[in-house]
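Throughout, a chain's letter reflects where its sequence line sits, starting with A, and its residues are numbered from 1.
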Amino acid sequence: MITKVLAAALADALSELGIDVAPSEIHMERPAQREHGDWSSNVALVMSKQAGRNPRELAAELLTVLESTSVDQIQRAEVAGPGFVNFHLSPQWLHDVLTEVISQGEDGYARSTIGDGQSINLEFVSANPTGPLHAGGGRWGAYGDSLARIFRRCGYQTFTEYYVNDRGLQTELFGDSLLAHRDGTDLPEDGYAGEYVAEWASEMPDDANPVAWGCERALAEVQQSLASMNVTFDHWASEKALVDSGAMESTIDALRAGGWVDEHEGATWLRTSDFGDEKDRVLLKSDGEPTYFVPDIAYHNQKFERGNLVIDVLGADHHGYVPRMSAALQMLGHQASSYEAIIGQNVTLVRSGKEIKLSKRTGTMVEVRDLIEAVGPDVARFAYLLQSIDTRQTIDLDMLSSQANENPVYYVQYAYARIASVGREANNRGVTRSTFNETGLALLTHHRELELLRALSSLPETVEIAARDRSPHKISTWIREFAAAFHGFYHDCPVLRSDVEPDLQQARLWLVESARIGFSIGLELLGLTAPEEM
RNA sequence: GCCCUCGUAGCUCAGGGGAUAGAGCAGUGGCCUCCGGAGCCAUGAGCGCAGGUUCGAAUCCUGCCGAGGGCGCCA
């Protein structure tokens with residue numbers, strides 16, 4: 001890769017000046033302004049203190065040395081601003097990108113090895129099985145699923161889970177609510193009053209166990225909604241099965257054996273404050289019943305059997321829970337760094353300019369299924385993935401519906417459809433692609449062609465950054481920019497038109513193929529479909 | 001009161017310590033004789049406030065202001 005070549009050249013030049021820096025320490029960046037070249041380095045600014053020279057002076061000396069050891073692709077290098085070394089490259093470096101994309105293909109390009117040999121267990125959504133998934137929960141689904149795809153592309157062995165709370169107070173309340181609806185009796189206090197409860201109650205067989213039946217019914221609903229948005233899980237972990245296996249007892253035993261458990265005020269406590277939690281937490285209530293915390297610890301402990309790094313995606317309303325879980329896991333012998341919680345901000349749903357408060361119990365809700373049915377799975381999924389998980393997201397249902405046709409996802413998918421269309425049209429015209437090695441890529445000099453390759457060249461680093469920052473939205477941002485580059489190219493650079501020279505046509509056909517590969521990878525990471533026609 | 005997030009254009013949001021802070025939507029004006037106009041091109045406006053660290057801060061630190069969330073022997 002060109003950045004490595006440039007960094008190595010800079011490192012060599014520095015060592016000639018008596019400054020030793022590993023090439024990997026030298027950062028190459030893409031200048032914001034095109035006039036500032038193709039690549040830029042700030043080494044002179046960073047090293048100036050150590051070198052005892054001012055940055056521009058050092059940069060100038062670097063250039064002198066670089067001239068004698070010139071790299072092929074460097075057309076010209078210059079000192080700019082406070083001391084940047086800017087490289088203006090010949091288009092060859094972008095033609096090399098095209099070659100790389102074609103030779104590595106859809107499967108190999110932008111595949112990273114940063115996660116090789118590591119495994120991640122990723123839990124997300126895990127909404128209680130007491131009703132349909134609401135539209136806010138869809139965000140965790142889209143996020144988690146895309147993050148898992150990104151992890152996998154980076155070499156992490158990734159295992160995804162949905163923790164099903166199919167026992168406990170909420171499920172019993174839900175079961176009782178189903179019964180009350182079916183039998184026409186009074187709803188229990190704090191029972192579930194949503195429309196779906198009445199609907200489901202009428203489906204419930206007389207001999208069914210309301211809790212078990214209700215959970216199963218809800219889970220099927222959730223599963224289906226997520227699947228329609230292309231979100232799936234490797235494992236649906238049942239809390240009930242976990243508890244039935246005796247995991248609660250063995251977990252408490254292990255914590256006791258470690259000396260982390262105290263008894264006072266009639267209850268059994270875990271000294272989580274020893275690990276930075278605000279206060280200690282109750283394991284067994286004074287009535288002897290375990291709190292929800294116990295099975296949760298057992299579950300998290302067990303997840304380490306399916307990954308070295310355990311990650312939870314949690315809504316902001318659960319962030320207070322992280323220190324106690326981290327404490328408990330450390331007591332059980334896990335490294336603090338092997339447990340990570342990603343805290344996502346909640347979604348605000350707006351309709352007719354008014355915020356819709358979501359509550360399963362009172363029944364005011366917007367189901368993720370409604371959203372998907374209204375705008376389509378790709379629009380819904382991309383809407384979730386457009387923004388950083390740190391951003392409190394506002395989804396305006398009216399706007400999403402009324403502007404469904406100009407949704408950003410179509411901008412991207414339209415580019416893919418256009419590529420497919422070029423292929424079809426090439427068939428119609430009897431144009432075939434020649435052997436890649438015989439194609440004259442040097443003919444690709446139009447700025448639109450080069451911009452397209454430039455965008456394509458940034459995909460590998462974007463994927464790694466997205467994995468490192470746990471930020472699928474960086475792929476969204478990338479693919480929108482990539483689509484813009486493609487539409488610009490498509491507008492200005494005809495491929496099949498009769499006035500295009502055959503050699504140029506061949507080069508462009510391969511360029512289009514490389515773009516197809518780029519879109520294909522990006523759309524797959526986002527879990528979006530790649531339509532041949534729209 | 002304490003803790004966690006977040007304040008960027010009219011709206012929804014990008015912005016890995018770097019140079020002149022970017023998109024989309026909304027507004028205005030242009031662009032189809034052959035590959036799909038769901039497209040392309042042009043145009044106005046902005047980093048909540050105050051300090052600090054740094055050669056350099058939207059980005060890191062502190063304080064203030066504002067918004068959301070959390071502070072149960074609930075889950």
- Separation of His36(A) atom NE2 from rA21(B) atom P, in whole Å? 12 Å
- For Asp287(A), which contact category applies under a 4.0 Å heavy-atom criterion: base, sugar-phosphate, or nothing? nothing
- Rounded to whole Å, CG of Asn407(A) lies from C1' of rC13(B) at a distance of 13 Å
- Message: So does Pro494(A) get a backbone contact from the side chain of Arg508(A), meaning a donor-acceptor N/O pair under 3.5 Å?
- Response: yes
- Query: Are more than 12 heavy atoms from other residues, nucleotides or ligands located less than 6.0 Å from atom CD of Glu406(A)?
  - Reply: yes
- Message: Taking ring pair (Phe, Tyr, Trp, His ring centres under 6.0 Å) as the definition, give me every residue that meets it alongside Phe482(A), ordered by chain and number, with sequence neighbours left out.
- Response: Trp478(A), Phe519(A)
- With Arg139(A) via salt bridge (charged side-chain N to carboxylate O under 4.0 Å, His left out) - residues at least two apart: none
- Message: Regarding Asp274(A) and Arg271(A), does a basic nitrogen lie under 4.0 Å from an acidic carboxylate oxygen?
- Response: yes
- Query: Mapping Gln387(A) and Gly168(A) to their closest nucleotides on RNA chain B, which lands nearer the 5' end?
  - Reply: Gln387(A)
- Message: Please classify the nucleic acid contact of Ser498(A) as base, sugar-phosphate, or nothing, using heavy-atom distances under 4.0 Å.
- Response: base
- Does any non-hydrogen side-chain atom of Trp510(A) lie less than 4.5 Å from one of Gln506(A)? yes
- Message: Exactly one of Val495(A), Val422(A), Leu509(A) should register a side-chain contact (heavy atoms from CB on, under 4.5 Å) with Val431(A). Which one does?
- Response: Leu509(A)
- Query: Mind checking the P distance from rA50(B) to rA57(B)? Whole angstroms is fine.
  - Reply: 15 Å
- Any side-chain donor paired with an acceptor under 3.5 Å for His491(A) and Arg448(A)? no
- Query: Does a side-chain heavy-atom distance below 4.5 Å link Leu284(A) with Glu289(A)?
  - Reply: no
- Task: For rA45(B) and rA26(B), measure between their C1' atoms and round to the nearest Å.
- Result: 13 Å
- Check RNA chain B for consecutive Watson-Crick or G-U pairs with both distances under 3.5 Å and list the runs of at least three as stems. B:1-7 with B:65-71, B:10-13 with B:22-25, B:27-31 with B:39-43, B:48-52 with B:60-64
- Message: So if I define the base as every atom that isn't primed, P, OP1 or OP2, how would nucleotides 36-47 of chain B read as a B/S/- string at a heavy-atom cutoff under 4.0 Å?
- Response: BSBBSS------
- Message: When you compare the side chains of Gln170(A) and Tyr192(A), does any donor N or O come within less than 3.5 Å of an acceptor on the partner?
- Response: yes
- What is the distance, rounded to the nearest whole Å, between atom CG of Asp396(A) and atom P of rC25(B)? 16 Å
- Query: Rounded to whole angstrom units, what separation is found between the CZ atom of Phe482(A) and the P atom of rA23(B)?
  - Reply: 18 Å
- Query: Hey, does Glu35(A) reach any base, or is it just sugar-phosphate, or nothing, if we go heavy atoms under 4.0 Å?
  - Reply: base
- Task: Name the orientation class of the two ring planes belonging to Tyr163(A) and Tyr299(A) (parallel below 30°, tilted from 30 to 60°, perpendicular beyond 60°).
- Result: parallel
- Is there a side-chain polar atom (N or O) of Thr394(A) under 4.0 Å from OP1 or OP2 of rC13(B)? yes
- Show the numbers, then the answer: is there a side chain to side chain contact (heavy atoms under 4.5 Å, CB included) between Arg418(A) and His487(A)? CA-CA 9 Å; Arg418(A) 278 181 148 177; His487(A) 286 305; 3.0 Å; yes
- Atom pair distance, as rounded to whole Å: CZ in Arg30(A) and P in rG15(B): 16 Å
- Message: Between rG29(B) and rC34(B), how far apart are the two P atoms, rounded to whole Å?
- Response: 26 Å
- Message: Rounded to whole Å, how long is the line connecting atom CE of Met399(A) with atom P of rC25(B)?
- Response: 12 Å
- Message: Taking rA19(B) as the reference, what is the distance to rU59(B) when you measure between their C1' atoms (whole Å, please)?
- Response: 15 Å
- Partner residues of Asp166(A) under the salt bridge (charged side-chain N to carboxylate O under 4.0 Å, His left out) criterion, sequence neighbours left out: none
- Item | Members of residues 375-386 of chain A that approach RNA chain B, where some heavy atom sits under 4.0 Å away | none
- Message: What's the gap between rA9(B) and rG24(B) when it is taken at their C1' atoms, as a whole Å value?
- Response: 12 Å
- Message: So, OP1 or OP2 of rA14(B): does either fall under 4.0 Å of a side-chain N or O from Thr391(A)?
- Response: yes
- Item | Atom-to-atom span, CG of Asp398(A) to P of rC11(B) - whole angstrom | 18 Å
- Whole-angstrom distance between rA14(B) and rG72(B), as gauged at atom C1': 40 Å
- Message: Please classify the nucleic acid contact of Asn86(A) as base, sugar-phosphate, or nothing, using heavy-atom distances under 4.0 Å.
- Response: base
- Message: Mind checking if Glu481(A) touches a base, just sugar-phosphate, or nothing, with heavy atoms under 4.0 Å?
- Response: nothing
- Task: Identify, with sequence neighbours excluded, every residue that meets ring pair (Phe, Tyr, Trp, His ring centres under 6.0 Å) alongside Tyr156(A).
- Result: Phe151(A)
- Item | rC4(B) versus rC64(B) - spacing of their P atoms, nearest Å | 13 Å
- Item | Qualifying salt bridge (charged side-chain N to carboxylate O under 4.0 Å, His left out) pairs with a residue from residues 27-44 of chain A, counting only residues at least two apart or across chains | Arg30(A)-Glu461(A), Arg34(A)-Glu451(A), Asp38(A)-Arg454(A)
- Message: Using a strict heavy-atom distance below 4.0 Å, which residues from residues 451-471 of chain A are in contact with RNA chain B?
- Response: Glu461(A), Ile465(A), Arg468(A)
- Item | Contact letters for nucleotides 64-72 of chain B, in which S counts primed atoms plus P, OP1 and OP2 and B counts the base, heavy atoms under 4.0 Å | ---BBBSSS
- For rU62(B) versus rG7(B), give the span between their P atoms, rounded off to a whole number of Å. 16 Å
- Message: Could you check whether atom CD of Glu61(A) has more than 12 heavy atoms from other residues, nucleotides or ligands sitting under 6.0 Å from it?
- Response: yes
- Note on the structure: Across all chains, not counting sequence neighbours, the ring pair (Phe, Tyr, Trp, His ring centres under 6.0 Å) partners of Phe382(A) are none
- Query: If you take atom types as modelled and just measure distance, does the side chain of Ser40(A) reach the base of rA19(B) with a donor-acceptor pair under 3.5 Å?
  - Reply: yes
- Message: Do Glu464(A) and Ser112(A) pair up side chain to side chain, a donor and an acceptor below 3.5 Å, judged on atom types alone?
- Response: yes
- Query: Which part of the nucleic acid, if any, lies within reach of Ala80(A) when heavy atoms closer than 4.0 Å are counted: base, sugar-phosphate only, or nothing?
  - Reply: base
- Task: Take Glu29(A) and Leu169(A), find for each the nucleotide of RNA chain B with the closest heavy atom, and name the residue whose nucleotide sits nearer the 5' end.
- Result: Glu29(A)
Got a list of protein N/O to nucleotides 54-57 of chain B N/O distances below 3.5 Å?
| from | atom 1 | to | atom 2 | distance (Å) |
| --- | --- | --- | --- | --- |
| rC55(B) | OP1 | Lys49(A) | NZ | 2.7 |

- Between rA75(B) (P) and Tyr192(A) (OH): distance, integer Å: 12 Å
- Message: Please determine whether the number of non-hydrogen atoms from other residues, nucleotides or ligands lying under 6.0 Å from atom CD of Glu263(A) exceeds 12.
- Response: yes
- Message: For the residue pair Arg281(A) and Trp269(A), would you count it as a cation-pi contact if the rule is NZ or CZ under 6.0 angstrom from the ring centre and within 45 degrees of the ring axis?
- Response: no
